[in-house]
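Below you'll find the structure, written out as C-alpha cells, and then a few comments.
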Amino acid sequence: MNKSNLGLPIGTTLDRFIKQKQDQFSSATGELSQLLRDIALAGKIINREVTNSGLLDISGGFGSKNVQGEDQQKLDVIANIRFTRALKNGGMTCAVVSEEEDEIIHLNPDCRYVVAMDPLDGSSNIDVNVSIGTIFSIYKRISPVGGPVQDEDVLQKGTEQVAAGYILYGSSTMLVYTTGRGVHGFTLEPSLGEFVLSHDSMTSPEDGKIYSINEGNYLKFDPWVREYVDDCKEKGMTARYIGSLVADFHRNMLKGGIYLYPNTQKDPNGKLRLIYECNALAFIVEQSGGIATNGEQRILEIQPKEFHQRTPFYLGSKKMVETALSFIKSTETVAG
Ligand code: AHG
Ligand code: MN
Ligand code: MN
C-alpha cells in the first residue's frame with residue numbers, strides 16, 4: 001500500500017484523515033473537523049448537481065418551484081443554497097459570507113466559526129461543461145460566542161484563517177484544503193461517494209512555464225503587466241487560461257505556473273474578491289511553497305474593509321511571481 005508523506009495510506013477517506021489530524025491535538029474540540037465534513041458533504045451535493053446540470057437543465061432559471069417550494073435557479077444560486085443549508089444543519093457555523101449574498105448570513109450564534117465562500121466559481125463555464133469550483137475560508141469569530149455576529153468577525157485578514165480550501169468539479173472531483181500544516185488533496189471516488197486521499201503534502205514547483213491571464217484585456221493592463229506577458233512569450237512559456245480561478249490555480253499548483261488577474265481601466269481593483277476567492281487560495285499557495293500578492297502586499301496581510309472587496313491577484317510558483325513583481329514600477333498607473 002502506498003504511504004503518504006504523512007504516514008497515512010493513499011486512499012484514506014477524508015473523514016478518517018480529519019479524525020486522525022484531530023487526534024494529534026489534545027485541545028481540539030472536534031468542531032473544526034465537523035465543519036470540514038459539512039463542507040465535504042455540501043461539495044458532494046454540488047458535484048451531483050453539476051454532473052446532472054445538462055440533464056436537469058438547471059443552468060438557467062425556470063420560474064417554477066421544486067418539491068421543497070424553492071424556485072429553480074441557476075447553479076451558482078443553487079450551490080449557495082446547498083452550502084448554506086449544509087453549514088446550518090452541521091451546527092458549527094455562526095455566519096457565512098457568500099458571493100451570492102449582499103450581507104452576512106446569520107446561522108447559529110452559539111458557534112465559533114465564520115465561513116466565507118464562493119459557492120460556484122467559474123460561472124461562465126457552468127453551461128459549457130468546463131471545470132468549475134467552490135472556494136471556502138474558515139475563521140474563528142472575534143466577538144463573543146452567543147451574541148450576534150459582527151462585521152469584524154468577517155473582515156479579518158487572511159492570516160487569521162484557521163482552514164481554507166476548494167472543491168474542483170473537473171475531470172474528477174477534488175477537495176483540497178489546508179489548516180496551516182501543508183496542503184492535502186482528496187479525490188471523490190464516485191461509486192463510494194467518499195473523498196479519498198490522493199495528493200498528500202501538495203507542493204508548488206518553485207518555478208514553472210505556465211502563465212494564466214485573460215489576454216483579451218491586454219490593452220487595458222498597466223504597462224508592467226503587458227511587459228511581463230511579452231516577456232513570458234519571449235521566453236517561450238505556455239499560456240493556459242480556463243476562466244475558472246479554481247481550475248487555473250489547481251493546474252498551476254500541480255505543474256508550476258503563475259495566475260494573474262490585474263487591475264484594468266474597467267476594474268481598477270481587479271475583479272477577484274479578497275475574502276471569499278483570494279484569501280483561501282493565497283493560504284493554500286503559501287502552504288504549498290508559492291506566493292500570493294496584490295503587487296504591493298501579501299494577499300493574506302490585506303485588511304478587508306468590505307465583504308465584497310476586490311483586489312488585483314498574482315499567485316503561483318515562487319520564482320515566477322518574483323519575476324512578475326520585478327516588472328512593477330512604482331510610478332506607473334493604469335494605461336490611458
Ligand atoms: P465567479 O464565477 O465566482 O463570479 O468567478 C469568476 C472569476 C474566476 O473564476 C475567473 O478566474 C475569472 O472570473 C474569469 O474572469 P474573466 O472572464 O474576466 O477572465
Ligand atoms: Mn469566483
Ligand atoms: Mn461564484
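Both counts, for ligands and for their atoms, begin at 1 and track the order of listing.
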Fill in the blank from the handout: Residue, atom and distance of the protein heavy atom nearest atom 4 (O) of ligand 1 read Glu99 OE2, 3.0 Å
Exercise for the section: Could you tell me how the ring of Phe249 sits relative to the ring of Tyr166: parallel (under 30°), tilted (30 to 60°) or perpendicular (over 60°)? Expected result: perpendicular
Practice task
May I ask you to check whether over 12 heavy atoms, not counting those of Glu296, lie within 6.0 Å of atom CD?
Solution key: no
Problem - Closest approach to the Mn ion (ligand 2) by Asp118, given as the N, O or S atom name - result: OD2
Exercise for the section: May I ask whether Val154 and Leu281 are part of the same hydrophobic cluster, defined by side-chain heavy atoms of I, L, V, M, F, W, Y residues being less than 4.5 angstrom apart, directly or through others? Expected result: no
Exercise for the section: Return the residue, atom name and 0.1 Å-rounded distance of the protein heavy atom closest to atom 10 (C) of ligand 1. Expected result: Gly243 O, 3.3 Å
Completion exercise
Note: Asp118, heavy atoms under 4.0 Å from ligand 1, region reported as side chain
Practice task
Might you confirm whether atom CG of Asn129 has over 12 heavy atoms from other residues, nucleotides or ligands at distances under 6.0 Å?
Solution key: no
Fill in the blank from the handout: ligand 1 atoms nearer than 4.0 angstrom to some heavy atom of Leu245 are 8 (C), 9 (O), 10 (C), 11 (O)
Handout entry: Gln34 CD to Leu32 CG distance, which is reported to the nearest 0.5 Å
Key = 10.5 Å
Exercise for the section: State whether the number of non-hydrogen atoms from other residues, nucleotides or ligands found under 6.0 Å of Arg298 atom CZ is greater than 12. Expected result: yes
Practice task
Measure Asp121 to ligand 1 on non-hydrogen atoms and call it side chain, backbone, both or neither using the 4.0 Å cut-off.
Solution key: both
Exercise for the section: For ligand 1, indicate whether the residue Ser244 contacts it via side chain, backbone, both or neither (heavy-atom separation under 4.0 Å). Expected result: backbone
Handout entry: Subset of ligand 1 atoms that lie under 4.0 Å from at least one heavy atom of Leu120
Key = 2 (O), 3 (O)
Fill in the blank from the handout: If you scan protein heavy atoms around atom 15 (O) of ligand 1, the nearest is Lys271 NZ, 2.9 Å
Exercise for the section: Please check if any side-chain donor atom of Gln22 sits under 3.5 Å from a side-chain acceptor atom of Ser33, or the reverse. Expected result: yes
Exercise for the section: Compute the minimum heavy-atom distance from Ser124 to ligand 1 and say whether it is under 4.0 Å. Expected result: no
Handout entry: Atom CZ of Arg240: over 12 foreign heavy atoms under 6.0 Å
Key = no
Exercise for the section: Measure from the ring center of Tyr228 to the ring center of Phe327 and say whether it is less than 6.0 Å. Expected result: yes
Practice task
Test side chain to side chain donor-acceptor pair (under 3.5 Å) on Ser137 and Asn279 and set out the steps.
Solution key: CA-CA 7 Å; Ser137 292; Asn279 271 337; 5.9 Å; no
Exercise for the section: Identify, by atom number and element, the atoms of ligand 1 in contact range of Glu277, meaning under 4.0 Å from any of its heavy atoms. Expected result: 3 (O), 5 (O)
Practice task
Could you confirm whether Glu277 has any N/O/S atom lying under 2.8 Å from the Mn ion (ligand 3)?
Solution key: no
Exercise for the section: Please assess Asn47 against Thr173 for the test side chain to side chain donor-acceptor pair (under 3.5 Å), listing each intermediate value before the final yes or no. Expected result: CA-CA 7 Å; Asn47 180 63; Thr173 296; 2.6 Å; yes
Exercise for the section: Have a look at ligand 1 and work out which part of Arg273, if any, has a heavy atom under 4.0 Å from it: side chain, backbone, both or neither. Expected result: side chain
Fill in the blank from the handout: Quick note on ligand 1: atoms under 4.0 Å from a heavy atom of Gly122 include exactly 1 (P), 2 (O), 3 (O), 5 (O), 9 (O)
Problem - More than 12 heavy atoms of other groups within 6.0 Å of Lys44 NZ - result: yes
Handout entry: Residue pair Glu189 / Ser191, side-chain donor-acceptor N/O under 3.5 Å
Key = yes
Practice task
Report the part of Tyr259 (side chain from C-beta onward, or backbone N, CA, C, O) that has a heavy atom under 4.0 Å from ligand 1; answer both or neither where that applies.
Solution key: side chain
Exercise for the section: If you have a sec, work out which protein heavy atom is nearest atom 14 (C) of ligand 1 and how many Å separate them, to one decimal? Expected result: Tyr241 OH, 3.3 Å
Problem - Which N, O or S atom of Asp121 lies nearest to the Mn ion (ligand 2), by name - result: OD1
Practice task
Report the part of Leu272 in contact with ligand 1, treating N, CA, C, O as backbone and CB onward as side chain, heavy atoms under 4.0 Å; options are side chain, backbone, both, neither.
Solution key: side chain
Exercise for the section: Tell me, please, if Glu99 has any N/O/S atom, main chain or side chain, under 2.8 Å from the Mn ion (ligand 3)? Expected result: yes
Handout entry: Protein residue, atom and distance nearest to atom 18 (O) of ligand 1, heavy-atom basis
Key = Tyr261 OH, 2.5 Å
Handout entry: Metal check, the Mn ion (ligand 3) vs Leu120 N/O/S, cut-off below 2.8 Å
Key = yes
